[in-house]
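Proteins come first, then strands; the chains are lettered A, B, ... in the order of their sequence lines, and each starts at number 1.
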Number of protein chains: 2
Amino acid sequence: MATNTNGRTPPENATLADVAEHVGVSARTVSRVVNNQGGCTAETRDRILAAIDELGYRPNLMARGLSKRRSDTIGLVSIAMLDPFFPEFADGVERAASDLGRTMFLASTGGDRVRQLSALKSMVGHGVEGAIVFPAAHAVGDLVDFAAKEMPIIIVNDDVQGVRISSVSAEIQAGAEMAVNHLLRSGRKRVAALLDRDARNAPRPARRELGYRNALETKGFGPDQHLIIDVDNSLEGGRVGLDEALAQPNPPDALFAYNDLIAIGALQRALDRGISVPDDLAIVGFDDIEMCQAMTPMLTSVRIDRDQLGRVAVDMIRTLVEEGSVPSRRLPVELVVRASAP
Amino acid sequence: MATNTNGRTPPENATLADVAEHVGVSARTVSRVVNNQGGCTAETRDRILAAIDELGYRPNLMARGLSKRRSDTIGLVSIAMLDPFFPEFADGVERAASDLGRTMFLASTGGDRVRQLSALKSMVGHGVEGAIVFPAAHAVGDLVDFAAKEMPIIIVNDDVQGVRISSVSAEIQAGAEMAVNHLLRSGRKRVAALLDRDARNAPRPARRELGYRNALETKGFGPDQHLIIDVDNSLEGGRVGLDEALAQPNPPDALFAYNDLIAIGALQRALDRGISVPDDLAIVGFDDIEMCQAMTPMLTSVRIDRDQLGRVAVDMIRTLVEEGSVPSRRLPVELVVRASAP
DNA sequence: CTGAAAGCGCTTACAG
DNA sequence: CTGAAAGCGCTTACAG
């Protein structure tokens, strides 16, 4: 805040030129101290700093961005803010960005290609340094275009193969294997998977499905013993999935869910139906959202460090800007064993 | 995307001047059609549009912002993205903003005054049209300053009294009264409130506390029969609060919680301790997050339409920009009765 | 209906 | 260590 010893309100929107004039130096010099570029007497520097404070000078970031062709901002393009995965990830992005002095743009696409495109265009126009994006279905092509000629892009997702964009993700497949192995080792004989319908429709087999199948095969359960149920990515999807699983001729004694939301829906419906969890049915979720610990029984889940994922994404953007390329990264996951699948 | 009939990649970063030259008109005219300002032959217009497409022209929003002194963006400054209240609100803001052709900046302060200040400064620098902010504790003064001389601000919160900034909020106090009345009407004799410690420390008595006390007084329960327990705003806060409530000489048969997170924590701990909900203890939450419906028993809660709240906030920003002032608004809430407090 | 030109507030070679 | 000046890519009175 501007100190204001004489009671006048400070002039609004002082510019670099105003500061320069007030001190009696050129704008060049003021710009130097504002940007900490050194090369300036300590005394000049102090006088400029004092003037900045007195006039309440605050740089016009649009002007700076226009001349630097970059605005010290980064973009985050999500699919759904309501997905429980999102807030912690976004928080990691925001903090990492803010630590670098970057401000964050946020847009949500609902998985729609048109909205994704307009979000990206806007961000390019605003001179973002780079964008972190959860790709909308069937719209990775647009991302490739943007990444090629407009701005650095990091994809959050590892299901996109054969595409020349770096991505940050977690060891989803390994996590799925851990989960299923854990169920098998604890004596379960028939493990069903409740998978997100949309993710399953992706061009490439989703990682969770691969992990599920691998784990089963390794233990001698052939494809005829795999049971995959496609569900909506929601609590209700989990509920419906549970019903569908139990309607099978040979119903499962364990459930591996696409994420915690689905797992919680399934858990709830199981309890409603008087099924004992974990005695009659073990359940494992994915992500490890906080609500896993609010369930009775508490939900076993594969933990993704979403905060860390967000921070890494920002770091990758920076590397991409500085070096022109950056290797994709996959963070480890961790099986958190709780009462729903001990 | 630029159509590209001849196989050449379109030149990167075409400018208004490039388009103008390509068509053989002045930048002024191109600017007109880009901004739909009319006053231009349909034929000229079509040729310009074609050139824009061909050259892949996309306006430089920093340049536009610099000359208009406004960047067609709006800011959202939250306290915590991890608060379950946030995502749905932010989604409402984002959609409403996007419907108006605005892109959204997002910053999170953790309730810290310094971070709030730097978020606001950055947003001013980027020429946001206005900011929607969840005020950090004891930092409303900064908001008043910014609102007075920097940019339109809407506060999300109605606990800030006597301050010349418009706010958007919900009928919190009425909602609290509804909740407590409901408990009383259903025969409960002793209702405790689990309130957020931080909100209670606010300069003004929090709305939920007022509602709680009013409802009790109205039914003849004097202050000596009020039981308020300060807790952290978290699942764990709810758990600790439940224990503390039951440790009272005269333990409650009903709980009114500050929000669903706290209510869920309390519910969980109650079930853990073998207390029957709702038979021995009824519980009512606040906000009505989706997870209320995943509990067993499902949680009764006071619903705030957070999506709507976000949309209204954006609308208020627009009115504030256009008219110079806007009345504060308070949206209605609704008691959603479920099994935890039938 | 359209153009020439100034201006928005910075940064940045280029000089000195 | 510091300055004069061009340039970033738009918008917008002002003319015609």
Output the rounded distance in Å from [atom1] ([X]) to [atom2] ([N]).
X       : N      : atom1 : atom2 : result
B/Arg58 : D/dC8  : CZ    : P     : 20 Å
B/Met62 : C/dG9  : CE    : P     : 17 Å
B/Leu66 : D/dG9  : CG    : P     : 12 Å
B/Arg64 : C/dC10 : CZ    : P     : 21 Å
A/Asp72 : C/dG9  : CG    : P     : 19 Å
A/Arg70 : C/dC10 : CZ    : C1'   : 16 Å
B/Leu16 : D/dC8  : CG    : C1'   : 13 Å
A/Arg47 : D/dC1  : CZ    : P     : 16 Å

Practice task
Measure the CG-CD1 distance between A/Asp53 and A/Ile48 for me, rounded to the nearest 0.5 Å.
Solution key: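 Rounded to the nearest 0.5 Å, the CG-CD1 separation comes to 13.5 Å.
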Problem - From A/Leu331 atom CG to A/Arg306 atom CZ, the distance as rounded to the nearest 0.5 Å - result: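 Those atoms lie 12.5 Å apart.
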Exercise for the section: Determine which pairs satisfy ring pair (Phe, Tyr, Trp, His ring centres under 6.0 Å) with at least one residue from residues 99-118 of chain B, sequence neighbours left out, and list them in order. Expected result: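 Residue pairs with at least one partner in residues 99-118 of chain B: A/Phe105-B/Phe105, B/Phe105-B/His126.
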Problem - Pairs where residues 316-328 of chain B contributes a residue and the test side chain to side chain donor-acceptor pair (under 3.5 Å) is met, not counting sequence neighbours - result: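 Listed once each, the pairs are B/Asp315-B/Arg318.
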Exercise for the section: Could you list all the side chain to side chain donor-acceptor pair (under 3.5 Å) pairs where at least one residue sits in residues 66-82 of chain A, not counting sequence neighbours? Expected result: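 Every pair satisfying side chain to side chain donor-acceptor pair (under 3.5 Å) with a residue in residues 66-82 of chain A: A/Ser71-A/Thr73, A/Ser78-A/Ser108.
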Problem - Stems where DNA chain C pairs, listed by first number, each of three or more Watson-Crick or G-U pairs under 3.5 Å - result: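 Correct response: C:1-3 with D:14-16, C:5-12 with D:5-12, C:14-16 with D:1-3.
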Problem - Listed nucleotide nearest any side-chain atom of A/Thr29, set D/dT2, C/dC10, D/dC10 - result: D/dT2
Completion exercise
Closest of D/dC10, D/dC8, C/dC8 to the A/Arg69 side chain is D/dC8
Do the side chains of [Y] and [X] get nearer than 4.5 Å, heavy atoms only?
X        : Y        : value
B/Val133 : B/Phe146 : no
A/Gln116 : A/Leu143 : yes
A/Thr29  : A/Ser26  : yes

Exercise for the section: Report yes if at least one side-chain N or O of A/Asn35 is closer than 4.0 Å to OP1 or OP2 of C/dT11; otherwise report no. Expected result: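 So the side-chain polar atoms of A/Asn35 do come within 4.0 Å of the phosphate oxygens OP1 or OP2 of C/dT11, strictly under.
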Problem - Whichever of B/Ser26 and A/Thr15 has its nearest DNA chain C nucleotide further upstream toward 5' - result: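 Checking each residue's closest nucleotide, the 5'-ward one belongs to B/Ser26.
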Problem - Within 6.0 angstrom of A/Arg329 CZ, more than 12 heavy atoms from elsewhere - result: no
Handout entry: Over 12 foreign heavy atoms within 6.0 Å of CD, B/Glu21
Key = no
Practice task
Report the C-alpha separation of B/Arg95 and A/Arg115 in whole Å, then their side-chain angles, then the decisive distance to 0.1 Å, and conclude whether the side-chain contact (heavy atoms from CB on, under 4.5 Å) test is met.
Solution key: CA-CA 11 Å; B/Arg95 293 175 97 98; A/Arg115 285 173 64 191; 3.8 Å; yes
Pairs under 3.5 Å (N/O, protein and nucleotides 12-16 of chain C):
residue: C/dA13; atom: N6; partner: A/Arg28; partner atom: NE; Å: 3.2

Problem - Nearest heavy atoms of A/Leu76 and A/Phe86, plus distance in Å - result: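 Shortest heavy-atom contact: CD2-CE1, 4.0 Å.
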Practice task
Quick one: label B/Val34 by what it contacts on the DNA or RNA (base, sugar-phosphate, nothing), any heavy atom closer than 4.0 Å.
Solution key: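 Contact class for B/Val34: none.
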Practice task
Could you check which residues of residues 123-131 of chain B get a heavy atom under 4.0 Å from DNA chain D? Sort them by number, please.
Solution key: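 DNA chain D contact set from residues 123-131 of chain B: none.
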